[in-house]
Amino acid sequence: MRVTGYKSHGVGAAAALVNAVTGAEGDDSDDALRDVLAGHGFFVEGFTPATAVQLRPWARTLRRFFEAETLDAAVELLNGLLTDVPMHPHLADHDELGLHVHYAPPEVDLAHRFRATTLMNLSELLCDNGIDRIGVCAAPDCDRVYADDSRGGRRRFCSDGCANRTNVAAFRARRRDG
Ligand SMILES: [Zn+2]
């Protein structure tokens, strides 16, 4: 079975939305949230201020998933959300992907489609890789979340910038101490 943008579409969109809405340096304006969705392959023609109003609490909910400290906690959170968000799978064939499954039919509103897709893609990530692939950036001054769908799965930072900054600081501390 092929699912829309498996692992890159909803997972990346979820992390980006959480960072936009809950991050200390995030931008949760209507325009910024529309850009997050458009940048991750969602059709945003139906985006309205009401969509943004629905997406902000969803971002705060998903942050708890990225912050989960045990697999059991992550599973319990997702199972609760899977009960709350109605799923109506729908076959679509609208682009170069060919025939594929959407988790919500085209007539539901964009916020609902976004909730269904992010929830299912995060569930798939958890099933395939457990909790090690999600987290909050290890840089001491960064609160951004990440999801790692790389082959190696060793990611601990939200970005190369945070990884480099933290490694340089650790190197300098070692040299100072030594
Ligand atoms: Zn970071």
Side-chain angles (χ1 to χ4, degrees), residues 2-42 44 47 52 55-82 97 103 111 114-178:
R2 183 160 51 181
V3 170
T4 313
Y6 174 62
K7 284 192 191 174
S8 57
H9 181 63
V11 169
L17 184 78
V18 169
N19 289 330
V21 173
T22 71
E25 312 219 320
D27 176 356
D28 72 345
S29 66
D30 290 5
D31 284 349
L33 299 189
R34 184 175 50 226
D35 288 348
V36 164
L37 269 58
H40 290 87
F42 286 83
V44 293
F47 193 100
L55 290 177
R56 291 185 190 104
W58 184 242
R60 287 188 279 274
T61 297
L62 289 184
R63 181 162 190 106
R64 289 164 43 213
F65 171 74
F66 287 96
E67 291 179 342
E69 293 189 351
T70 65
L71 181 61
D72 284 350
V75 168
E76 188 180 337
L77 177 67
L78 289 187
N79 273 338
L81 296 173
L82 286 164
L97 285 172
Y103 294 117
F114 187 83
R115 281 194 293 264
T117 303
T118 49
L119 195 46
M120 288 303 297
N121 287 173
L122 291 174
S123 297
E124 290 154 1
L125 183 75
L126 199 64
C127 290
D128 284 355
N129 298 307
I131 202 178
D132 292 344
R133 300 302 191 94
I134 56 166
V136 180
C137 182
D141 55 350
C142 182
D143 65 357
R144 292 165 59 84
V145 303
Y146 64 85
D148 182 359
D149 58 4
S150 70
R151 186 175 286 270
R154 295 198 181 81
R155 189 165 164 187
R156 293 293 174 265
F157 297 94
C158 73
S159 62
D160 289 343
C162 277
N164 293 337
R165 200 171 67 250
T166 303
N167 290 336
V168 167
F171 173 76
R172 286 189 182 140
R174 274 199 303 277
R175 201 166 54 178
R176 193 174 58 232
D177 294 345

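Note that the structure is a prediction, hence the values are computed from the model and not measured.
Atom OG in Ser159 sits 7.0 Å away from atom CZ in Arg165 (nearest 0.5 Å). The distance from atom CE of Met120 to atom OH of Tyr103, rounded to the nearest 0.5 Å, is 4.0 Å. The distance from the CG atom of Leu82 to the CG atom of Leu119 is 4.0 Å, given to the nearest 0.5 Å. To the nearest 0.5 Å, atoms CG (Leu81) and CZ (Arg64) are separated by 7.0 Å. Here the straight-line distance linking atom CZ of Arg156 with atom OG1 of Thr166 works out to 13.5 Å at 0.5 Å rounding. Note: His40 NE2 to Asp35 CG = 11.5 Å, rounded to the nearest 0.5 Å.
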### Task
Decide side-chain hydrogen bond (donor to acceptor under 3.5 Å, both in side chains) for Asp31 and Ser29; before the verdict, give the C-alpha distance in whole Å, the side-chain angles of both, and the deciding distance to 0.1 Å.
CA-CA 5 Å; Asp31 284 349; Ser29 66; 5.7 Å; no
### Message
Could you go through Val136 and Arg144, starting from their C-alpha distance and side-chain angles, then the distance that decides it, and tell me whether this counts as side-chain contact (heavy atoms from CB on, under 4.5 Å)?
### Response
CA-CA 6 Å; Val136 180; Arg144 292 165 59 84; over 6 Å; no
### Task
List the steps, then state whether side-chain contact (heavy atoms from CB on, under 4.5 Å) holds for Val145 with Phe65.
CA-CA 10 Å; Val145 303; Phe65 171 74; over 6 Å; no
### Query
Can you list the steps and then say if Leu55 with Leu17 is a side-chain contact (heavy atoms from CB on, under 4.5 Å)?
CA-CA 8 Å; Leu55 290 177; Leu17 184 78; 4.3 Å; yes
### Task
Report the C-alpha distance between Asp148 and Leu125 in whole Å, list the side-chain angles of each, state the deciding distance to 0.1 Å, and finish with yes or no for side-chain contact (heavy atoms from CB on, under 4.5 Å).
CA-CA 9 Å; Asp148 182 359; Leu125 183 75; over 6 Å; no
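The two atoms that bring Leu62 and Ala14 nearest to each other are CD1-CB, 3.8 Å, heavy atoms only. Pairing each heavy atom of Cys158 with each of Cys137, the nearest pair is N-SG, 3.4 Å. Residues Val44 and Ala38 approach most closely at CG1-N, 3.6 Å, considering heavy atoms. Taking each heavy atom of Ala147 and Arg155 in turn, the nearest pair found is O-NH1, 3.5 Å. Annotation for Leu77 and Thr61: closest pair CD2-O, 4.2 Å, computed over non-hydrogen atoms. Among all heavy-atom pairs drawn from Ala59 and Val18, the shortest one is O-CG2, 3.5 Å.
Judged by distance alone, with hydrogens and angles left aside, the side-chain atoms of Asp143 form no donor-acceptor pair with the main-chain N or O of Gly23 at under 3.5 Å.
In this structure, Phe42 has its ring center closer than 6.0 angstrom to the ring center of Phe114.
Side-chain contact, Asp72 with Thr70: no donor N or O sits under 3.5 Å from an acceptor N or O. A donor and an acceptor atom, one from each side chain of Glu124 and Asn121, are located under 3.5 Å apart. Side chain to side chain, Arg60 and Thr22 fail the donor-acceptor criterion of an N or O pair below 3.5 Å.
Using a cut-off of 4.0 Å between Lys/Arg side-chain N and Asp/Glu carboxylate O, Asp177 and Arg174 are scored as not salt-bridged.
Residues Trp58 and Val21 are not in side-chain contact: their nearest non-hydrogen atoms beyond the backbone lie 4.5 Å or more apart. Residues Ile131 and Ile134 form a side-chain contact, since some pair of their non-hydrogen atoms from C-beta on lies under 4.5 Å apart.
With sequence neighbours excluded, the residues satisfying side chain to side chain contact (heavy atoms under 4.5 Å, CB included) with Ala52 are Asp30, Leu33, Phe47, Arg56.
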